[in-house]
Structure formats: C-alpha cells, structure tokens
Visitor: 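Dropping the structure in here first, questions after.
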Amino acid sequence: EVQLVESGGGLVQAGGSLRLSCATSGFPFDDYAIGWFRQAPGEGREGVSCIRSRDGDTYYKDSVKGRFTISTDNARKMVYLEMNNLKPDDTAVYYCAADSSPWGSSICDVVALWDYWGQGTQVTVSS
C-alpha cells in the first residue's frame with residue numbers, strides 16, 4: 001500500500017520558517033519524482049517544488065525560489081521542504097505527492113500527472 005504522510009505544518013508569523021516532512025512507503029522511492037504542492041482556499045492546487053529522487057534534480061516555483069528548499073533522505077524514504085522567509089501568500093494546505101512519469105522541468109506544473117498523494121498539512125502565515 002502506497003502511503004505519503006505529511007507533517008510539520010502550523011501557524012507562523014511572516015518572515016518565519018517551517019520545515020515540512022513527508023514520510024513515504026509502498027513504492028520504489030529512487031524511481032519516482034516527489035513533489036510538494038499547495039492549495040489555498042478557493043484556488044487550484046499548484047506545484048511548489050519537485051525533486052527527482054535518483055539524482056536530486058530540482059524544480060521550484062518562481063515565487064519560492066531562494067526561500068524554499070526541497071531535499072530527500074533516500075535511505076529513510078523521506079522528503080522535506082524547508083520554508084524560510086514565509087509570506088502570507090504562502091498560506092495553504094501543502095501536499096506531498098509521488099509520480100513515476102519521466103522527469104522534466106514541467107512535471108511540477110501538471111498536477112493531474114501525479115500518481116499518489118498525501119492528506120496534506122496546513123500552513124498559515126500571519127501578517
């Protein structure tokens with residue numbers, strides 16, 4: 001059974017930091033891309049950052065470049081999203097997802113492609 005379980009969300013003031021974690025199981029981690037997506041109230045789900053587990057190739061949404069860092073611990077099948085200098089616009093439910101499609105810079109933009117999803121963790125940034 002495939003599982004992705006997010007943790008680490010919470011309430012933080014603007015300028016603060018959070019570290020999200022995603023524990024995965026049930027699929028060949030090294031053969032998949034892992035992504036962090038978010039969905040704000042009334043908005044569609046969007047890709048924030050994605051990583052190819054095998055070699056660590058990464059993608060970031062423009063608005064988070066320089067503030068967010070995605071990383072993996074392949075031995076533990078964990079994925080992390082370090083979020084610094086958080087802004088109120090970063091407020092959303094954050095989801096971890098896994099996908100077996102061929103890697104490309106656009107993979108993070110195509111939400112419908114992704115095979116497996118976690119239940120999400122709320123991140124709220126107050127001004």
Side-chain angles (χ1 to χ4, degrees):
E1 179 188 5
V2 173
Q3 287 192 321
L4 297 98
V5 181
E6 303 94 336
S7 60
L11 172 63
V12 64
Q13 289 187 329
S17 299
L18 284 173
R19 187 194 195 208
L20 304 184
S21 299
C22 177
T24 77
S25 62
F27 63 92
F29 188 86
D30 289 356
D31 294 336
Y32 274 63
I34 309 295
W36 285 99
F37 296 77
R38 67 187 182 188
Q39 187 165 15
E43 302 290 331
R45 195 169 295 188
E46 63 177 5
V48 175
S49 181
C50 297
I51 187 167
R52 183 165 58 182
S53 303
R54 177 175 293 115
D55 62 4
D57 196 12
T58 57
Y59 163 88
Y60 293 95
K61 178 179 174 64
D62 284 346
S63 62
V64 307
K65 285 180 181 177
R67 300 190 297 122
F68 291 11
T69 303
I70 190 170
S71 62
T72 64
D73 181 336
N74 287 32
R76 297 179 62 201
K77 299 184 179 181
M78 295 288 297
V79 189
Y80 305 98
L81 187 68
E82 185 75 33
M83 304 187 295
N84 298 313
N85 190 21
L86 281 160
K87 304 176 180 180
D89 284 350
D90 295 318
T91 295
V93 177
Y94 282 70
Y95 298 90
C96 174
D99 183 65
S100 60
S101 300
W103 176 258
S105 61
S106 63
I107 190 173
C108 213
D109 294 327
V110 187
V111 175
L113 273 179
W114 291 74
D115 299 326
Y116 306 114
W117 292 86
Q119 84 289 348
T121 185
Q122 177 71 46
V123 171
T124 303
V125 184
S126 63
S127 57

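Only this structure's heavy atoms are used, side chains among them; waters, hydrogens and symmetry mates stay out. These numbers come from a predicted model, not from an experiment.
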Visitor: So which heavy atom on Asn74 is nearest to which on Phe29, and how close?
Guide: OD1-CE2, 3.5 Å
Visitor: So which of Asp73, Leu20, Thr72 actually passes side chain to side chain contact (heavy atoms under 4.5 Å, CB included) with Tyr80?
Guide: Asp73
Visitor: For residues Gly118 and Tyr95, report the shortest heavy-atom separation together with the two atoms involved.
Guide: O-CD2, 3.6 Å
Visitor: Would you compute the distance between atom OG of Ser17 and atom CG of Asn85 and round it to the nearest 0.5 angstrom?
Guide: 8.0 Å
Visitor: Can you name the closest pair of heavy atoms from Thr121 and Gly9 and give their distance?
Guide: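 Scanning both residues completely, I find the closest heavy atoms to be OG1-N, 3.2 Å.
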Visitor: So which pairs with a foot in residues 22-36 pass salt bridge (Lys or Arg N to Asp or Glu O under 4.0 Å), sequence neighbours left out?
Guide: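 Of all non-adjacent pairs touching residues 22-36, those that pass salt bridge (Lys or Arg N to Asp or Glu O under 4.0 Å) are Asp31-Arg54.
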Visitor: Using atom types as modelled and distance alone, determine if a side-chain donor or acceptor of Tyr60 lies under 3.5 Å from a backbone N or O of Ile70.
Guide: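 At least one qualifying donor-acceptor pair exists.
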Visitor: Looking at Ala92, is its backbone amide N or carbonyl O close enough to the side chain of Gln39 to form a donor-acceptor pair, meaning the two atoms are under 3.5 Å apart?
Guide: no
Visitor: Could you label the plane-to-plane angle of the Phe37 and Trp114 rings as parallel, tilted or perpendicular, counting under 30° as parallel and over 60° as perpendicular?
Guide: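 Rings of Phe37 and Trp114: perpendicular, over 60°.
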Visitor: So which atom in Ser126 and which in Leu11 form the shortest heavy-atom distance, rounded to 0.1 Å?
Guide: CB-CD1, 4.4 Å
Visitor: Checking side chain to side chain contact (heavy atoms under 4.5 Å, CB included) for the pair Cys96/Trp36: CA distance, chi angles, key distance, verdict?
Guide: CA-CA 5 Å; Cys96 174; Trp36 285 99; 4.0 Å; yes
Visitor: For the atom pair CD (Gln13) and OG (Ser127), what is the distance rounded to the nearest 0.5 Å?
Guide: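 Gln13 CD to Ser127 OG: 9.5 Å, rounded to 0.5 Å.
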Visitor: Quick one, Trp103 and Asp55 - any side-chain contact, counting heavy atoms below 4.5 Å?
Guide: no
Visitor: Just verifying a value: how many Å separate Leu18 CG and Met83 CE, rounded to the nearest 0.5 Å?
Guide: 4.5 Å
Visitor: Classify the angle between the aromatic ring planes of Phe27 and Tyr116 as parallel (below 30°), tilted (30 to 60°) or perpendicular (above 60°).
Guide: parallel
Visitor: Restricting to salt bridge (Lys or Arg N to Asp or Glu O under 4.0 Å), what partner residues turn up for Glu82, sequence neighbours left out?
Guide: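 Expected list: Arg19.
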Visitor: Can you tell me if Ser21 uses its side chain to pair, donor with acceptor, with the backbone of Ser7 under 3.5 Å?
Guide: no
Visitor: Determine whether Asp89 and Ser63 satisfy the following criterion, side chain to side chain contact (heavy atoms under 4.5 Å, CB included), listing intermediate values before the conclusion.
Guide: CA-CA 10 Å; Asp89 284 350; Ser63 62; over 6 Å; no
Visitor: Less than 4.5 Å apart, side chain to side chain, heavy atoms only: is that true for Ile107 and Ser101?
Guide: yes
Visitor: For Arg52, run the side chain to side chain contact (heavy atoms under 4.5 Å, CB included) check against Asp57, Ile34, Thr58 and tell me which one passes.
Guide: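 It is Asp57, the one option of Asp57, Ile34, Thr58 that forms the side chain to side chain contact (heavy atoms under 4.5 Å, CB included) with Arg52.
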Visitor: Checking Arg67 now: which residues fulfil side chain to side chain donor-acceptor pair (under 3.5 Å) with it, not counting sequence neighbours?
Guide: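 Partners of Arg67 by the side chain to side chain donor-acceptor pair (under 3.5 Å) criterion, ordered by chain and then number, come out as Asp90.
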Visitor: To the nearest 0.5 Å, tell me how far Arg38 CZ sits from Lys61 NZ.
Guide: 6.0 Å
Visitor: If you round to the nearest 0.5 Å, how far is CG of Asn84 from CZ of Phe68?
Guide: 8.5 Å
Visitor: Using 0.5 Å steps for rounding, measure from the OG1 atom of Thr91 to the CD atom of Gln122.
Guide: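 The CD atom of Gln122 is 7.5 Å from OG1 of Thr91, to the nearest 0.5 Å.
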Visitor: Below 4.5 Å, heavy atoms only, C-beta onward: do Cys108 and Tyr59 meet side chain to side chain?
Guide: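 The answer is yes, as the side chains (C-beta and beyond) meet within the 4.5 Å cut-off.
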Visitor: Can you name the one residue among Asp109, Val110, Val111 that meets side chain to side chain contact (heavy atoms under 4.5 Å, CB included) with Leu113?
Guide: Val110
